[in-house]
Structures are given as C-alpha cells and as structure tokens.
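Every chain is numbered from 1 and lettered A, B, ... according to where its sequence line falls, protein lines coming before strand lines.
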Amino acid sequence: MDNAHYANILEDVASLLEIKGSNRFRVRAFENAAQTLSRLSDSVESYLEEDELESISGIGDSIAEDIRQIHETGTCEARTELLDELEPGLLDLLDLQGLGPKRIATLYETLDIASIEALREAAETGRIQELDGFGPKTQDNILSEIERLADRSGRTPLPAAHRIARSFRDRLVDHDAVDRLEIAGSLRRGRTTIGDIDLLVATDTPEDVADVFVEAPDIDDVMLRGKAKVSARLIDDTQVDLRLVDPDVFGAALHYFTGSKQHHVQLRTRAKQAGYKISEYGVFEQENEDEPVAARTEQEVFEALDLDYIPPELREGIGEIEAAARGDLPDLIEPADVRGDLHMHTTASDGSASIREMAEAARDWGLDYIAITDHSQAVTVANGLTPERLESHMEAIDEVDEAISGIEVLTGLEVDILEDGELDMDHDLLAACDWVVGSIHMQLDLEPEAMTDRLLRPLETDLLSSIGHPTGRILGGRDGYEYDEETVLETAAEHDVAMELNGSEGRLDLDADRARRAHEQGVELVLGSDAHSTGGFEALQWAVQQARRAWLTTDDLVNTRSPDDLLGASA
DNA sequence: GCCGTTTTCGGCCCGACTGTTTTCAGTCG
C-alpha cells in the first residue's frame, strides 16, 4: 500500500467528520495527518515496521492506531463507522466547488441528498432554493458545477499551465497600472500539476488592472470580481485567479499567494509563538496591528521571523521551516549549473532535427555537452535503431563532434528494456557508447514482482548509465508502473546507475518525492530533456525545478559535472 | 485529535468574496 492510500483514508475520515459537524480541530488533525503522510519522504510501511509512527509530527496514539488498522484491513474503524452512520456518496459532493461540509450536511438532513445524482434532481426541480440559507443563485451554481465536474479535464500539467500563465503575464505586465507582476501559487512552487493559476499584481489602481484582465479573449466566465481578487474560468476550463495588492505589501502577498497551505499553517503557528501575526499584508507584532514589521519583500518576511530565505520549491511544510531556522537549507541547484543534457533524439529515430542541429541548439542554450540517445529497434513506431544503424549513427555523431566547436557531442542510446529485462541492443555496442539510457516503453502492465526483476536485470549488466523516466507515468494520462522501489534504488546505487529526472512536457518523471528518496538512498540523479526537437531543451528548466523540489544541490546531479568527470565516473 | 524553549490543559492561521441575509455564515485558498 502506498502512502497516498493511507492519506486518502484519513482524508475521508476528516471529510465525514466535518459533514457530521464534529469538532473542527479534530477534523483538522485528520486533515493534517493525511497531508503529512502524502508528503512523507519515506514509506508509511517503513515507519510501521520500525514501530515509529508516533514519531511523525501530527501523528498521535489515536491516528497511529488508525494507520495500523489501514495496514491490516485497507481501511479503519473510524471511517467504517462514519460511513455506516452517513453515506459514501456524500464524499463525492465535496468535489463540487462552492459546496462545503455545512451545506452538504443541510442537504443530507433536510432532503436526504447523498449523491451527485440526487443533488442534480433536487436542483432541477427547484427544491434547493427553498432551503434556509440557499437561494436561486446557489441552486444555479450547483447545477453548473455538476456539469463542469462531469467533463472536467482535471489538473493541468505544469509546463502547459506555465504557458497559459505567461500569456496573461505578457498581456498585463506592460500596462501602466501594473507596478509588478509575479506568477504565484503552486506554479511558482513547481508542482507537477496545477489546479488553478495564481497571478499577483502590485498596483495602485486595481480596477484598471481587473478591467484589462477580464477582457482576455480566452476567458469563458468571470466567476467573481472584488477589489482584491478576480477569478475567471478559461475556455479550456483552467481557472485563473488574479490578486491585486498594494505595492507596499507585495512581498508579503507574494509569500502568501505562493503557499503552500501547509507551509503557511506551520509558519503562522511559529510566528504566533514568537509574538507575531502573519497575513497577506505583512508580519505584525501582536500588540501593534497597524504597521507591519515586514511586508515589502519576501526576504523581509522571512528575516522578521528569524529564518533564512526559503525558496518557493521548498515551501510544502515538510521540514523547510525548521531547516531555515537552523540555517540548514540546501544550496539548491540553479538552471545555470546545468552543463550537459544526456537524453535527446534526432531524425535517426523519432526526433525532428539532425545531430548537428541539436548540437547547435544545445550550444545556444548554454550547454557544454550533450549525449545523442535515439531509440533502439523495439520501438518500431519511433523508427528505433538496429545494431547496424547504431554503428553508423555513432560514426555520424563522432563526425559532428569533431566538426563543431563550443560543445561536446557524446555517443549514446536510449535502449529499451524488454519484457524479460534483456536490453534491446548488442552489448558490445552499448559498451562502446558514452552514455546509455535504459527505458521501458512497452508491456507496462506487468505485475510488480515481474517489473522489479525487469529493472534489476539490466542494472546488473553494468551497461546502463541511467534509467530513463523511471516510473513511466504520463501526467493526466496513466499512472506509473509499479515495482519494488527500494530494491531497485539499492541496486542502482550499487551499480552506479543514475535515475533520471525527465523534464519533458507530459512526464516530469521522476517526481520530486521519488527523486528525494532516490537521493537519500545514495542514488545519483541526472536531468534529461528528452528533447525531440531543437526547442525541446526548455524541458531542462522543468527538470531543474523538480530537482529543487527534491532538495537537490549541484553536487547531487550528474549533469553539473564536466564531461571528463562524467565519463570517468560512469566508466 | 495533537501538541508543548511559557503549557500534560487549553489552545489550535487568516482574510476575501458570495449569496443569503437585515448583520453574517459558508466556502475557498
């Protein structure tokens, strides 16, 4: 059972308790525990084995017992009893924006509504607006929310969300009324998928900025508009929130709107203990709420709380505040630290540019070296290389390397790891390559045991330099394949095989949590653009951001080394 | 339900916006 399962069960308990009207701090305890488990860098199972659940902050005797029950039975008594008392369909209703536990409780108690279908029928027959505290507007909103939920596309992958955010930024940033503009929210923190896009604008005339914003052509519906906040839904169903703040408090607001929620809860609790109050308007002394002690910049905000500056990627409430207090934050990798890219394709397989074109584009991007890693023959749809073609391809790569200046071009291959763990290429050719990425592209639905063996076998050949996109997940598409992560990482560390942080649009694989675990197990990490065109190097920035979310420094990543160090280390 | 460089009891983050209301509850992030 993975951590997400434990978190989901506890989240259900929290939601059901809330609908039932239980003590809100008890509800929060379950919410908090669920959050903590889902962001844990080690597995819940490992805490269970060591009998150390209670050592996790936010897990006490009672929730630890619930977790043990989930381990034994898949669920816990608390949840079972609540579901007996209430109804499972109530949990679905919480997915509707604008409907929270209080109103759901009212609907359940007065109209016996416990499913989306029952809610739709009650709204369509006009029974909702008759209830106390509800009205025609609420009833309409419920109906349109049900419709939206039915065809919602879910969360937007980070790179796509960035494109949307940048288009709004470009439209607004040069306007006279805009003093400063930043993209905030989970996008700034670099989460792999984005629920909604947050834009923060410093301005003295918020109305003017709002006027420009709502005129954007891709806005379908302006859902709310106040002096400080405008929310709009785009044609593609993405939600964009525009926050309008006074320039004097921009730093405090940027910190506030960057989140995460967990980070804020922890930071405010800490501030309160030290006699301060934090809001989006600044850090205030509890006795003096008129004049903030910090507000202009994020640096000031952290300084006022006696903390080192915490980069946005770390603000997830998973120990960054404690580390900042100790002066112990990692010196995170920066985009400029990346010297090489070790995963890309050319026209020899399914890329759209030649070796030379890719090399020139990489040089323009500021890289010192690249490895050309086209597909092997098993990937027929991508025109994968046979041994004969690889031999001549390697010669062509060497020729470009000789002819071009300012960048080193290494020979390589993205070799398929076949169903039985065999590598899809002659071993002597693999040994002759500078860099070999081993990847799985087919037969993704093996049992975890078989998938584990499939990965262990090639690792033990010592022919691989890295494992490409190690889980195979597609954002908004399929989940990754399952295998025994701990054993695979252990073996990778033993055989000096790096795990990839693949930055390509739909993958971002490994994700930050897995990358952090890999690092903690002594496995090296390598950034890969998986570029299929000269524009594909942009993916490196997403890979860097995920590496930052994984608390990684320059030393932890293979790509920051010189080519000599790299090849010496991998030989 | 959890937690403690004030605490093993008494607290637990903060403010904006909407839709319903004659002053505010509910929801969201």
Separation between the C1' atoms of B/dT5 and B/dG1, rounded to whole Å: 24 Å
Using the C1' atom as the point on both nucleotides, what is the distance between B/dG26 and B/dT21, in whole Å? 12 Å
Can a salt bridge be assigned to the pair A/Arg514 and A/Glu485 using a cut-off of 4.0 Å between side-chain N and carboxylate O? yes
Heavy-atom nearest nucleotide on DNA chain B taken for A/Phe134 and for A/Gly60; more 5' hit belongs to A/Gly60
Same-atom distance (C1') from B/dT23 to B/dC17, integer angstrom: 16 Å
Nearest to the side chain of A/Tyr281, which nucleotide is it out of B/dT20, B/dG1, B/dA16? B/dA16
Rounded to whole Å, please give me the gap between CD in A/Gln139 and C1' in B/dT18. 17 Å
Could you work out which one of B/dG19, B/dC2, B/dG15 sits closest to the side chain of A/Lys137? B/dG19
Distance, P atom - from B/dT27 to B/dT20, rounded to whole angstrom: 13 Å
Nearest-nucleotide pick for A/Ala228, side chain only, options being B/dC17, B/dG15, B/dT27: B/dC17
Scan A/Leu10 against the nucleic acid and name what it touches under 4.0 Å (heavy atoms): base, sugar-phosphate only, or nothing. nothing
Give A/Ile59 one of three labels, base, sugar-phosphate or nothing, depending on what nucleic acid heavy atoms sit under 4.0 Å from its own. sugar-phosphate
A/Gln97 atom CD is separated from B/dG29 atom P, nearest whole Å, by 5 Å
Are the side chains of A/Leu552 and A/Leu332 in touch, meaning some heavy atoms are under 4.5 Å apart? no
Separation of A/Glu322 atom CD from B/dT5 atom P, in whole Å? 12 Å
Output the rounded distance in Å from CG (A/Leu99) to C1' (B/dG29). 17 Å
Against the side chain of A/Ser57, the closest entry in B/dA16, B/dT27, B/dC3 is B/dC3
How far, in whole Å, is B/dG10 from B/dT6 if one measures between their C1' atoms? 13 Å
Atom CG of A/Leu37 and atom P of B/dG1: how far apart are they, to the nearest Å? 16 Å
Check every atom of B/dC14, B/dT27, B/dC17 against the side chain of A/Arg103 and return the nucleotide holding the closest atom. B/dT27
Pi-cation contact, A/Tyr6 with A/Arg79 (under 6.0 Å, within 45°): no
Nucleotide forming a Watson-Crick or wobble pair with B/dT8, both distances under 3.5 Å: none
Salt-bridged, A/Arg148 to A/Glu145, with N to O below 4.0 Å? yes
Separation of A/Lys102 atom NZ from B/dG19 atom P, in whole Å? 20 Å
Can a side chain N or O of A/Gln273 be found less than 4.0 Å away from OP1 or OP2 on B/dT7? no
Within the structure, does a side-chain N or O atom of A/Lys272 lie under 4.0 Å from either OP1 or OP2 of B/dC12? yes
Rounded distance in Å between the C1' positions of B/dC9 and B/dC14: 25 Å
For a quick test of reading the model: is some side-chain N or O of A/Asn32 closer than 4.0 Å to OP1 or OP2 of B/dC2? no
Sugar-phosphate, base or nothing in reach of A/Arg24, heavy atoms under 4.0 Å: nothing
NZ of A/Lys261 versus P of B/dG15: gap in Å, rounded? 16 Å
How far, in whole Å, is B/dT8 from B/dG4 if one measures between their C1' atoms? 8 Å
Choosing from B/dG29, B/dG15, B/dC2, which nucleotide comes nearest the side chain of A/Asp196? B/dG29
With a 4.0 Å cut-off on heavy atoms, is A/Ser231 in touch with a base, just the backbone sugar-phosphate, or nothing at all? nothing
Whole angstrom is fine here: how far is it from CZ in A/Arg26 over to C1' in B/dG1? 7 Å
Do you know the tightest heavy-atom contact between A/Ala295 and A/Tyr281? CB-O, 3.8 Å
Checking B/dA16, B/dT27, B/dG29 against the side chain of A/Arg243 (C-beta onward), the nearest is B/dG29
Quick one: is B/dC12 close enough that its OP1 or OP2 comes under 4.0 Å of any side-chain N or O from A/Thr269? no
Quick one: does NZ or CZ of A/Arg28 land under 6.0 Å from the six-membered ring centre of A/Phe25, within 45 degrees of the ring axis? no
So which one's nearest nucleotide on DNA chain B is more toward 5', A/Ala64 or A/Lys277? A/Ala64
By the 4.0 Å heavy-atom rule, please label A/Asn141 as base, sugar-phosphate, or nothing. sugar-phosphate
Pair A/Glu182 + A/Arg169, salt bridge at N-O below 4.0 Å: no
On the side chain of A/Tyr256, is there an atom forming a donor-acceptor pair with the base of B/dG15 - under 3.5 Å, no angle test? no
Considering all heavy atoms of both residues, which atom of A/Tyr309 and which atom of A/Pro312 are nearest to each other, and what is their separation? OH-CD, 3.8 Å
